[in-house]
**Student:** 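Structure below; questions to follow.
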Amino acid sequence: MPLAGSESPRMAWTGKSTSPIAGEFAANQAANLIHEDTQRARAARVVAGHSIDAADCSETLAMLGLTIPSARAASVEPLPGASSQRA
């Protein structure tokens, strides 16, 4: 509480943070979303590789709560040990 006769300065909230921590948090969130998308795309690719047909793939993806990867996520690197040709 300010002393009598002295006026405390007031700051207006603009809704934007100038803290570098807020920027780091946002960057970490974005990196985490990209990582999650990559992992989901890789999981969907594994499911597709082990599915009998498209219906089996779709059903398994639905059971796992996965969706068909978008074009952006489809550009992930191949799984370790995976060959470029399927037998």
Side-chain angles (χ1 to χ4, degrees):
M1 180 169 240
L3 298 173
S6 69
E7 189 66 33
S8 64
R10 295 184 183 210
M11 296 178 66
W13 175 253
T14 62
K16 294 184 180 180
S17 175
T18 58
S19 168
I21 294 173
E24 290 175 24
F25 181 75
N28 287 336
Q29 273 188 316
N32 188 40
L33 290 175
I34 291 169
H35 179 72
E36 287 178 4
D37 285 348
T38 302
Q39 291 299 315
R40 285 188 184 106
R42 292 178 79 186
R45 186 182 300 163
V46 169
V47 168
H50 289 87
S51 297
I52 298 169
D53 56 15
D56 181 42
C57 181
S58 178
E59 184 177 333
T60 306
L61 288 173
M63 284 190 283
L64 294 173
L66 298 171
T67 57
I68 297 171
S70 64
R72 178 178 61 116
S75 64
V76 297
E77 69 281 351
L79 296 172
S83 64
S84 59
Q85 296 180 355
R86 294 189 63 184

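Note that these values count all heavy atoms, side chains included, but never hydrogens, waters or copies made by symmetry.
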**Student:** Distance check, rounded to the nearest 0.5 Å: R40 atom CZ versus H35 atom NE2?
**Tutor:**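 Spacing of CZ (R40) from NE2 (H35) equals 10.5 Å.
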
**Student:** How far apart are the closest heavy atoms of T67 and A44, and which atoms are they?
**Tutor:**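 What the structure gives for the nearest pair is O-CB, 4.2 Å.
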
**Student:** Look up atom CG in D53 and atom CD in E59, then write down how far apart they are to the nearest 0.5 Å.
**Tutor:**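 Interatomic distance, D53 CG to E59 CD, rounded to 0.5 Å: 9.5 Å.
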
**Student:** Does the S51 side chain pair with the main chain of V47, one donor and one acceptor, at a distance under 3.5 Å?
**Tutor:**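 Yes, the answer is positive, given that a donor and an acceptor are paired below the 3.5 Å cut-off.
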
**Student:** Give, for atom CG of N32 and atom CD of E36, the distance between the pair rounded to the nearest 0.5 Å.
**Tutor:**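 These two atoms lie 4.5 Å from each other.
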
